[in-house]
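Below, read A as the first sequence line, B as the second, and so on, with proteins coming before strands; counting in each chain starts at 1.
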Amino acid sequence: MADRWSTEGRSSEPRRRLGRSFFDRPTVRVARALLGTTLVVRDGAEERSVLLSETEAYLRGDPASHAFRGPTRRNRSMFGRPGTLYVFRIHQVVCANLVTRCGEAVLLRAGTPNLGADGRTSGPGRLCRYLGLTLSDDGRDATRDRRVMVLARGRRPRAVAVGPRVGIRQAVERPLRFAIRDEPSVSRPRPGRPPTSASPSRSRGDGSSRRTRRRRRPSSAGGTSGGRTGGR
DNA sequence: CCTCGGATCAGCT
DNA sequence: GCTGATCCGAGGA
């Protein structure tokens with residue numbers, strides 16, 4: 001029961017471990033509130049931690065979310081209690097989320113290592129790799145688990161950049177990516193960059209500009225480009 | 001059973 | 001900026 005954890009990084013005072021109530025809030029709020037917190041992963045005697053610098057929110061009814069089509073064997077952790085770790089693999093790369101409310105979660109995209117400073121921690125795959133998170137960590141309860149925990153931040157970030165999420169093909173324009181401005185660990189492209197009138201490259205307006213996957217099998221060229229709830 | 005395509009990353013143009 | 005690697009879950013036949 002480590003309620004407190006002495007970090008030797010930037011702050012000398014111990015920080016509280018975040019509990020259920022922190023995660024049991026609207027996902028966007030949690031995604032922002034996670035910026036500046038410390039994620040700790042223990043592996044026996046060894047331990048690594050990062051100051052979270054970049055997150056993304058995945059909501060209910062969100063076509064980009066793994067939970068969009070309901071629970072499956074792979075995404076079941078997303079329907080767990082607030083604070084549950086949802087770890088998945090894509091292209092041989094492991095990524096981690098923290099579940100907020102049922103079916104919603106926050107993807108952990110980047111962090112700044114607390115020890116020293118080396119280690120590639122920009123991007124969800126590299127972050128997990130640095131921390132040593134694997135598929136076996138899927139389903140852990142980060143509010144109680146002995147190996148994975150999240151510690152409260154000292155101060156809230158001075159400025160938060162907001163932008164569209166990375167790497168998705170659905171709901172690409174929703175501003176659900178959050179990052180601490182000026183943190184070097186934030187992955188590219190850096191969010192929050194105001195649309196310069198000189199750069200017309202609006203990339204993907206509607207039809208994904210990202211290569212139209214074409215393998216063999218023409219079968220039926222499905223041009224399903226729809227679904228885009230324009231909230232605000 | 002078979003096929004599609006991905007919440008990424010590295011590497012080349 | 002754009003492409004390929006690479007493999008397994010999800011979903012349809």
Side-chain angles (χ1 to χ4, degrees), chain A residues 27-28 30-31 34-35 39 52-80 84-100 103-111 119-131 133-139 162-179 185-191 193 196 198-205 207-229:
Chain A
T27 302
V28 168
V30 176
L34 277 171
L35 297 177
L39 175 62
L52 291 175
S53 61
E54 181 185 353
T55 61
E56 281 179 1
Y58 285 86
L59 312 176
R60 205 162 168 74
D62 176 358
S65 170
H66 286 176
F68 184 57
R69 301 199 174 187
T72 65
R73 187 174 114 200
R74 184 197 204 191
N75 68 15
R76 64 186 171 195
S77 295
M78 277 192 79
F79 298 86
T84 297
L85 209 54
Y86 166 47
V87 182
F88 69 94
R89 178 179 49 199
I90 180 177
H91 288 73
Q92 202 68 13
V93 171
V94 169
C95 303
N97 298 252
L98 284 166
V99 175
T100 55
E104 303 199 343
V106 175
L107 173 68
L108 309 177
R109 279 199 61 89
R120 303 277 131 62
T121 53
S122 295
R126 290 173 156 180
L127 178 65
C128 285
R129 187 156 164 138
Y130 172 78
L131 291 170
L133 288 172
T134 69
L135 285 181
S136 65
D137 293 308
D138 180 50
V162 182
R165 294 173 291 183
V166 176
I168 56 173
R169 300 179 60 154
Q170 304 292 329
V172 295
E173 296 184 37
R174 300 191 69 176
L176 295 175
R177 181 183 179 208
F178 307 96
S185 62
V186 173
S187 65
R188 295 178 310 180
R190 298 180 72 91
R193 198 171 46 187
T196 52
S199 79
S201 59
R202 181 73 176 152
S203 63
R204 299 172 241 189
S208 58
S209 84
R210 181 141 177 109
R211 67 183 166 275
T212 308
R213 287 188 176 276
R214 225 196 297 189
R215 283 215 184 281
R216 343 164 111 194
R217 210 98 208 305
S219 77
S220 60
T224 45
S225 68
R228 175 179 168 284
T229 38

Checklist entry - With respect to the side chain of A/V93, which nucleotide from B/dC9, B/dG6, B/dA10 is positioned closest? => result B/dC9

Item to check | Interatomic distance where CG belongs to A/L135 and C1' belongs to C/dC7 [whole Å] | outcome: 12 Å

Next on the checklist: Taking the C1' atom in each of C/dT3 and B/dG5, what is the distance between them to the nearest angstrom?
Outcome noted: 16 Å

Checklist entry - What's the closest nucleotide to the A/I90 side chain, out of B/dC9, B/dG6, C/dG9? => result B/dG6

Checklist entry - With respect to A/L108, which candidate in A/L131, A/L133, A/L52 satisfies the side-chain contact (heavy atoms from CB on, under 4.5 Å) definition? => result A/L52

Next on the checklist: Distance check needed: C/dG9 P versus A/F88 CZ, whole Å only.
Outcome noted: 14 Å

Checklist entry - Where the side chain of A/S65 is concerned, which of C/dA10, B/dG5, B/dA7 is the nearest nucleotide? => result B/dA7

Next on the checklist: Classify A/E56 by what it touches in the nucleic acid, base, sugar-phosphate, or nothing, heavy-atom distance under 4.0 Å.
Outcome noted: nothing

Checklist outcome for this item: Per atom distances to the A/R169 side chain, the nearest of B/dA7, C/dA5, B/dG5 is B/dG5

Item to check | Nucleotide nearest A/H66 (side chain, heavy atoms from C-beta), chosen from C/dA10, B/dA10, B/dA7 | outcome: B/dA7

Checklist entry - Out of C/dG11, C/dG9, B/dC9, which nucleotide sits closest to the side chain of A/R74? => result C/dG9

Next on the checklist: Determine whether a donor-acceptor pair (N or O, by modelled atom type, separation under 3.5 Å) exists between the side chain of A/N97 and the backbone of A/A105.
Outcome noted: no

Checklist entry - Which dot-bracket string describes DNA chain C (Watson-Crick N1-N3 plus N6-O4 or O6-N4, or G-U N1-O2 and O6-N3, all under 3.5 Å; [ ] crossing; | other strand)? => result |||||.||||||.

Checklist entry - To the side chain of A/R89, which of B/dT8, C/dG9, C/dC8 is closest? => result C/dC8

Checklist entry - Within the side chain of A/D62, is there an N or O that forms a donor-acceptor pair under 3.5 Å with the backbone of A/F68? => result no

Checklist entry - Can you tell which of C/dA10, B/dT8, B/dA10 lies closest to the side chain of A/C95? => result B/dT8

